[in-house]
2 protein chains.
Amino acid sequence: MKLGQATIKDIARELNVSNSTVSRALKDYPGISDETKKKVKELAEKLNYRPNAVALSLRKSKSFTIGVIIPEVVHFFFSTVISGIEEIAFKNGYNVILCQTNEKLEREKSVLNTMLDNQVDGLLVSYSKETTDFDHFSKLLNLEFPIVFFDRLPEIDNTINVTVNDYQGAYQAVKHLAEQGYKKIVHLAGPNNLAISRKRKDGYIEALRDSGMEIDENLILSCPNGDEKESFDATLKLFEKPETRPDAIFAHHDIVAAGAMMAIKSLGLKIPEDVGVVGYSNWQFSSMIDPPLSTVAQPGSRIGEKATELLLQMIDGKREASAKGENVVLDTELLVRKSSVKI
Amino acid sequence: MKLGQATIKDIARELNVSNSTVSRALKDYPGISDETKKKVKELAEKLNYRPNAVALSLRKSKSFTIGVIIPEVVHFFFSTVISGIEEIAFKNGYNVILCQTNEKLEREKSVLNTMLDNQVDGLLVSYSKETTDFDHFSKLLNLEFPIVFFDRLPEIDNTINVTVNDYQGAYQAVKHLAEQGYKKIVHLAGPNNLAISRKRKDGYIEALRDSGMEIDENLILSCPNGDEKESFDATLKLFEKPETRPDAIFAHHDIVAAGAMMAIKSLGLKIPEDVGVVGYSNWQFSSMIDPPLSTVAQPGSRIGEKATELLLQMIDGKREASAKGENVVLDTELLVRKSSVKI
DNA sequence: TTGTAAGCGTTATCAG
DNA sequence: CTGATAACGCTTACAA
């Protein structure tokens with residue numbers, strides 16, 4: 001080893017005692033004379049001894065390392081999740097090894113293997129968009145290998161999951177708009193094949209119903225790409241005809257909302273006076289645009305924290321691995337800012 | 001081990017050969033009969049044998065793992081760097097273990113030790129804001145341990161670094177403001193112990209000078225925390241007195257710029273007509289705020305990629321560790337948006 | 001062509 | 001109270 005780190009052997013040799021004595025002294029095992037203990041500890045200190053974690057892993061079949069499989073690090077949401085994961089892991093003496101799949105299934109399988117090769121004690125997974133077959137995960141789960149899924153839930157029975165309550169978030173957002181007195185609320189929806197999109201739409205519909213408003217399919221527009229231009233154009237189109245001309249917009253995420261806001265402004269309309277807007281996800285920019293955008297905050301780092309806590313419980317045997325599934329659903333928080341406050 | 005992964009021993013036992021034969025057969029060593037080779041490989045395949053990376057690390061004193069020490073994962077810039085790192089590491093069969101310091105020196109030292117305990121083959125470091133004493137790094141460098149610093153350069157001789165040309169980025173930004181006809185350009189600067197802050201300030205000063213403008217220390221404000229409130233307050237204060245009242249602001253990053261923009265708007269002033277603003281780092285939100293923020297783009301993932309390439313070269317012995325320093329400086333790009341276009 | 005044995009750093013078991 | 005020894009999974013001289 002380049003670093004020439006001192007080992008137990010070095011200490012033992014220098015002190016003319018056996019390796020086991022040193023090992024025991026270092027860990028305050030019973031049955032070591034205070035004198036030996038002292039000598040050993042002093043020398044260890046002096047030599048700056050630190051136990052070799054790799055040797056420990058091999059010996060104990062435990063690496064104190066957890067693997068994180070994530071689609072893309074640069075997604076703001078995922079980066080907050082990672083931050084939460086890292087925080088809890090660190091606090092409990094665990095390391096985090098990180099791999100991104102770039103939304104590719106092949107890559108996902110590959111990094112999964114690498115992590116197993118490295119004897120990770122457990123896995124935190126948000127699978128790729130390409131993943132429709134979950135065998136590579138279920139195989140492990142059948143062997144009681146600890147895995148917690150977050151954000152994206154696999155089609156496997158009895159997994160342990162951490163997600164956000166998308167339905168509730170949408171419901172609150174739309175209810176809020178209704179309470180502000182907006183009468184014709186449009187939904188700029190996400191792609192229908194994603195569960196989160198469907199749940200947000202469901203929340204929207206239910207909130208309208210509970211507010212005594214009609215559900216009009218013409219007021220639900222799909223913005224699958226989720227970029228500004230798409231929603232800019234979609235919004236302009238809405239305002240062309242009187243029958244679809246809305247006085248409020250609930251967008252499936254903040255970028256879509258931002259596009260809508262630009263369109264509204266370009267028509268000379270005022271936000272929130274003429275049109276109210278609420279987004280989703282609390283992107284960093286949303287508090288900085290004009291007017292500041294009301295949005296539904298997803299607790300990214302809490303997702304990471306919670307998922308890690310669950311995983312560590314499984315690893316430490318405080319929780320059955322695959323006994324029965326568990327869904328932890330974290331609450332969203334509606335952040336009411338200027339863009340939706342009419343009153 | 002929970003997974004009950006097959007080992008070389010299992011294969012050897014079942015085939016009635018020795019461990020070494022299996023090991024050699026698996027790696028196509030010369031001097032193994034084709035027949036044995038075939039038998040071994042088939043059984044390995046059948047048992048789904050995968051080498052235990054931990055055992056390999058111990059045996060070879062090489063872990064194929066690199067450690068990344070970073071202030072905060074949620075910084076957009078850092079997340080792009082991580083992404084670049086992960087990409088190159090993966091491509092070369094290396095794992096990435098990730099720790100964030102949250103800008104705390106204590107934490108930095110702690111994670112550094114953890115990584116060394118885990119026998120990482122090398123380190124990619126962007127140190128914390130609190131770090132002014134670099135002993136914990138120089139000690140390692142003296143032992144020829146491979147480290148590449150990125151973004152924030154330590155005050156150590158002969159290190160290998162990857163940065164962005166912060167001076168140039170700042171220079172371009174301020175020159176641009178001057179060319180737009182702004183006359184009194186304030187700099188909201190970062191903490192002075194970071195080289196990047198100092199370089200951005202130098203670029204600012206030089207650009208002013210080259211534009212024939214006075215350097216006024218009262219027009220350089222420190223915003224060390226880098227959050228919105230800080231710069232909001234600082235900006236308000238600037239506008240209180242006529243002698244510090246600016247007509248343009250160059251902020252050391254986009255969040256600081258965003259805070260300044262809010263302050264400017266709150267005073268009823270117009271951007272870019274009354275006050276021009278340029279930020280730094282091209283955060284995701286900067287194109288979406290109103291008006292869109294001009295900013296200096298740093299090639300985050302290229303920094304990560306380059307730093308990782310250099311580190312792997314050092315690890316593989318293709319490059320001297322500490323022979324002599326090397327500075328790779330990547331170019332920034334000025335993105336001119338609405339917030340600074342007066343003409 | 002294959003086997004034996006030592007060793008990477010640590011800990012657990014069994015003796016003394 | 002302390003020491004020998006084996007073992008975790010793998011590689012690699014050295015022997016056969």
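Each chain gets a letter, A, B and so on, in the order its sequence line appears, and its residues count up from 1.
Every salt bridge (charged side-chain N to carboxylate O under 4.0 Å, His left out) that Glu86(B) has, sequence neighbours left out, goes to Arg107(A). Not counting sequence neighbours, the partners of Thr21(A) by the side-chain contact (heavy atoms from CB on, under 4.5 Å) test are Val17(A), Ser18(A), Ile32(A), Thr36(A). For Tyr29(B), there are no ring pair (Phe, Tyr, Trp, His ring centres under 6.0 Å) partners at least two apart in sequence or on another chain. In terms of the ring pair (Phe, Tyr, Trp, His ring centres under 6.0 Å) criterion, residue partners of Phe64(B) (sequence neighbours excluded) are, by chain and number, Tyr94(B). Under the side-chain contact (heavy atoms from CB on, under 4.5 Å) criterion, Lys109(A) pairs with Leu105(A), Glu106(A), His136(A), sequence neighbours left out. Residues forming a side-chain contact (heavy atoms from CB on, under 4.5 Å) with Thr163(B) (at least two apart in sequence, or on another chain): Leu153(B), Val329(B).
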Using a cutoff of under 3.5 Å, can you pull out all pairs of nitrogen or oxygen atoms linking the protein to nucleotides 13-16 of chain C, with atom names and distances?
from, atom 1, to, atom 2, distance (Å)
dT13(C), O4, Arg24(A), NH1, 3.4

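If you find the closest nucleotide of DNA chain C to Lys37(B) and to Leu58(B), the one lying nearer the 5' end belongs to Lys37(B).
Rounded to whole Å, atom P of dC8(D) lies 14 Å from atom CD of Gln119(A). For the pair Glu35(A) CD and dC1(D) P, the interatomic distance rounds to 11 Å; values are reported in whole Å. Rounded to whole Å, atom P of dG9(C) lies 15 Å from atom CG of Leu116(B). Taking atom CG on Asn118(B) and atom C1' on dG9(C), their separation rounds to 14 Å, with Å as the unit. Distance, Gln5(A) CD to dC8(C) P: 16 Å, rounded to whole Å. The CZ atom of Phe64(A) sits 20 Å away from the P atom of dC8(D) (whole-angstrom rounding). The nearest whole Å value for the distance from the CG atom in Asn52(B) to the C1' atom in dG9(C) is 15 Å.
For dC8(D), the OP1/OP2 oxygens have no side-chain nitrogen or oxygen of Ser61(A) closer than 4.0 Å. Between dC1(D) and Ser33(A), no contact under 4.0 Å exists linking OP1 or OP2 to a side-chain N or O. In this model, the phosphate group of dA12(C) is not approached by any side-chain N or O of Ser23(A) to a distance below 4.0 Å at OP1 or OP2.
Closest to the side chain of Lys60(A), from the set dA12(C), dT10(C), dT2(D), is dA12(C).
Gln100(A) and Ser83(B) are linked by a side-chain donor-acceptor pair at a separation below 3.5 angstrom, with hydrogens and angles left out of the test. Between Asp117(B) and Asn52(A), the side chains place no donor N or O within less than 3.5 Å of an acceptor N or O (distance only, hydrogens not considered).
Residue pairs that meet the salt bridge (charged side-chain N to carboxylate O under 4.0 Å, His left out) test with at least one member in residues 5-24 of chain A, sequence neighbours left out, are Asp10(A)-Arg13(A). Every pair passing salt bridge (charged side-chain N to carboxylate O under 4.0 Å, His left out) that includes a residue from residues 152-161 of chain A is listed here, sequence neighbours excluded: Glu103(A)-Arg152(A). Residue pairs meeting the salt bridge (charged side-chain N to carboxylate O under 4.0 Å, His left out) criterion with at least one member in residues 123-140 of chain A, sequence neighbours excluded, are Lys104(A)-Glu130(A).
Listed by residue number, Lys27(A), Tyr29(A) are the residues of residues 25-32 of chain A with a heavy-atom contact under 4.0 Å to DNA chain C. Near DNA chain D, defined here as any heavy-atom distance below 4.0 Å, the residues from residues 6-19 of chain A are Asn16(A), Val17(A), Ser18(A), listed numerically.
Counting any heavy atom pair closer than 4.0 Å across all strands shown, Thr36(A) reaches sugar-phosphate atoms only and no base atom.
The pair Glu87(A)-Lys91(A) does not meet the salt-bridge criterion, since no charged nitrogen lies less than 4.0 angstrom from a carboxylate oxygen.
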